[in-house]
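What follows is one structure encoded as structure tokens, with my remarks underneath.
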There are 2 protein chains.
Amino acid sequence: MDMSDRTGTVRFMSLRHALLGLLAHGPASGYDLTRAFEGGIGQYAWQAGHSRIYPELGKMAEAEQVVVDEAGPRGRKTYTLTDAGRTELRRWMLHWPEQATVRDETVLRMFLVQSLEPDDARRLLEGIAEHCAAEIARLRPVMEAEDAEHHPGDPLPFGRLAGEYGLRQYEAVHGWALWSLERMAAVEPAVG
Amino acid sequence: MDMSDRTGTVRFMSLRHALLGLLAHGPASGYDLTRAFEGGIGQYAWQAGHSRIYPELGKMAEAEQVVVDEAGPRGRKTYTLTDAGRTELRRWMLHWPEQATVRDETVLRMFLVQSLEPDDARRLLEGIAEHCAAEIARLRPVMEAEDAEHHPGDPLPFGRLAGEYGLRQYEAVHGWALWSLERMAAVEPAVG
DNA sequence: CCAGGACGTGTCAACATGGACATGTCAGAT
DNA sequence: ATCTGACATGTCCATGTTGACACGTCCTGG
């Protein structure tokens, strides 16, 4: 995997690439895309509100990465990916920068668990473990139902890989929280 | 775990909390903290350069969450957490917002794997799996060495839980990439 | 003695972002 | 007929963030 690209001219602009990626699935309006960011992508990967999305779509149209059809009810504009847009998406997907942008409040909290008093840390880890267990219990049946409906030869449902990613993420964090609690117990038994 | 706090007055400012968390380990200068962000925390959790860190430390001193000792060689200033700072850190660690800030270019790429042609997606997933395998091979011995040096009763080394988190993260992504490849192979056999 | 590199702090301009503000349409229920 | 809520697009401002510019110090090796 190429981990050393920068291309000089094209800067990072991940919001743009998120939009290109969502439009790869099919044409959509700014409103549709705003809704999409309220789902898994906005929860785990990248956040954006409509006030950022609309101007960015405008710039993308200027750059001819999308074309816009303005004929829709209530002023709805539908954006469709162009070949240039698909090419840029592919370039971005395959060329990874040395250091990818990351800004994740949840992971930050995990990194700072050891800045708490042991009792606080324990309580926090227990809360994380419970939260993850609940999310796993909620998500697993969804995936299984999706898989049960899937017939051999059908294409994978859009988002199936992303969904699996989310589920495995929760499982990993769950395992980590339990391991951390054990590790802390071995070092410093709980008070009370 | 409290997943519904906002406190009205205090806004999010995760950079501030990252700094408070790092200072919980012990006093440090802006320079030291800048170095810290070049390690695991900047790679997995939150990025910041010195141009952002210095002004933030200034504001934190104003808010009396840290005290500054200006007597150091080369104009070095050492910042120490105050009780107010520790309280604010604890508040932030234990009260989680409904929707945490997340902006992760790597996860975004994973979410958009299905926007690629199957052959490109396969190549990408293979690259991810290889990269993860290499990182796991690099990290695991580091953890094991740290554990081997650890005597029962010693406190956990600062960062041990974070390190384990990173390792398990790579393992989860590795497993996901392999699962995705299998899943894709079952649906659409590779060309050639 | 002096050069290079690590140490160390800071500002500034350009751009990214989120939340508030602003406006209007369409469909279905009362 | 009117009201409500989802649909739909947009701008503006305060703040967050990055990369470049700018300056000066201490230590070590040649």
Side-chain angles (χ1 to χ4, degrees), chain A residues 6-19 27-38 41-43 45-63 66 68-79 97-105 108, chain B residues 6 8-19 27-38 41-42 45-63 66 68-79 97-105 108:
Chain A
R6 202 165 276 256
T7 63
T9 50
V10 183
R11 291 259 285 298
F12 288 90
M13 303 182 296
S14 292
L15 171 60
R16 174 161 315 190
H17 296 105
L19 294 170
S29 68
Y31 187 82
D32 296 336
L33 293 165
T34 303
R35 288 288 94 84
F37 275 95
E38 287 169 11
I41 204 166
Q43 206 172 328
W46 205 273
Q47 290 165 344
H50 79 275
S51 64
R52 272 294 294 136
I53 290 168
Y54 288 119
E56 191 64 31
L57 286 170
K59 283 193 207 170
M60 288 160 74
E62 240 180 273
V66 295
V68 52
D69 172 12
E70 305 217 1
R74 281 167 283 201
R76 180 187 170 94
K77 297 179 182 178
T78 303
Y79 293 86
E98 312 111 77
Q99 168 77 61
T101 296
V102 52
R103 190 189 289 8
D104 190 321
E105 212 184 322
L108 181 57
Chain B
R6 202 165 274 257
T9 50
V10 183
R11 292 260 285 298
F12 289 91
M13 305 182 294
S14 292
L15 171 58
R16 173 160 314 190
H17 297 105
L19 293 170
S29 69
Y31 187 82
D32 297 335
L33 293 164
T34 303
R35 288 288 93 84
F37 275 96
E38 286 168 11
I41 204 167
W46 204 273
Q47 292 165 345
H50 80 274
S51 63
R52 191 72 198 90
I53 291 168
Y54 288 120
E56 190 65 29
L57 285 169
K59 283 194 208 170
M60 288 159 73
E62 241 181 272
V66 294
V68 53
D69 171 11
E70 304 217 1
R74 280 168 285 202
R76 180 187 169 96
K77 297 179 181 177
T78 303
Y79 294 86
E98 311 111 78
Q99 168 78 63
T101 295
V102 53
R103 191 191 295 350
D104 189 321
E105 212 185 322
L108 180 57

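Labels below follow one simple rule: chain letters A, B, ... track the order of the sequence lines, proteins then strands, and each chain is numbered from 1.
- When each of D:dT9, D:dT11, D:dT18 is scored by its nearest atom to the side-chain atoms of A:Pro55, the top-ranked nucleotide is D:dT11.
- If you take CH2 of B:Trp46 and C1' of D:dT18, they are 14 Å apart, rounded to a whole angstrom.
- Atom pair B:Glu98:CD and C:dG19:P shows a separation of 10 Å (rounding to whole Å applied).
- Here the side chains of B:Arg103 and A:Val102 are not in contact, with every heavy-atom distance at 4.5 Å or above.
- You'll find the side chain of A:Leu33 reaches within 4.5 Å of the side chain of A:Leu19, heavy atoms only.
- Candidate nucleotides D:dT11, D:dG16, C:dG8 were compared by shortest atom distance to the side chain of A:His50, and D:dT11 ranks first.
- The base of C:dG8 is not paired with the side chain of B:Ser29 by any donor and acceptor separated by under 3.5 Å.
- Not one side-chain nitrogen or oxygen of B:Arg52 sits closer than 4.0 Å to the OP1 or OP2 atom of C:dA16.
- Here B:Gln47 contributes atom CD and B:Arg52 contributes atom CZ; the two are 13.5 Å apart, rounded to the nearest 0.5 Å.
- For B:Glu56 and C:dG10, the CD to C1' distance is 15 Å, given to the nearest whole Å.
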Can you tabulate the close N/O pairs, meaning under 3.5 Å, that link protein atoms to atoms of nucleotides 4-7 of chain D?
residue, atom, partner, partner atom, Å
D:dC7, OP2, A:Tyr31, OH, 2.8
D:dC7, O5', A:Tyr31, OH, 3.4

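- When the C1' atom of C:dG8 is taken as reference, atom CG of B:Leu33 falls 13 Å away, rounded to whole Å.
- Taking the side chain of B:Ser51 as heavy atoms from C-beta on, and the options C:dT11, D:dA8, C:dT17, the nearest nucleotide is C:dT11.
- Contact check, B:Lys77 against C:dC7: no side-chain N or O comes under 4.0 Å of OP1 or OP2.
- Atom-to-atom, CD of B:Glu38 to P of D:dT18 comes out at 13 Å; the value is rounded to the nearest Å.
- For B:Leu57 and C:dT9, the CG to P distance is 9 Å, given to the nearest whole Å.
- Although no hydrogens or angles enter the test, the distance criterion places no donor-acceptor pair under 3.5 Å between the side chain of A:Gln43 and the main chain of A:Phe37.
- In this structure, the nucleotide among C:dA16, D:dT9, C:dG10 sitting nearest to the side chain of A:Tyr54 is D:dT9.
- Side-chain contact check for A:Glu105 versus B:Pro97: some heavy-atom pair is nearer than 4.5 Å.
- Residue order along DNA chain C, read from the 5' end via each residue's closest nucleotide, puts B:Tyr79 first among A:Gln47 and B:Tyr79.
- Residues forming a side chain to side chain donor-acceptor pair (under 3.5 Å) with A:Asp32 (at least two apart in sequence, or on another chain): A:Ser29, A:Arg76.
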CA sep, side-chain torsions, deciding dist, call: A:Arg35, A:Glu38, salt bridge (charged side-chain N to carboxylate O under 4.0 Å, His left out): CA-CA 5 Å; A:Arg35 288 288 94 84; A:Glu38 287 169 11; 3.1 Å; yes
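- Between B:Lys59 atom NZ and C:dG10 atom C1' the separation is 15 Å, expressed in whole Å.
- C:dT11 atom P lies 14 Å from atom CD1 of B:Ile53, rounded to whole Å.
- Residue whose closest nucleotide on DNA chain C sits further toward the 5' end, between B:Arg103 and B:Asp32: B:Asp32.
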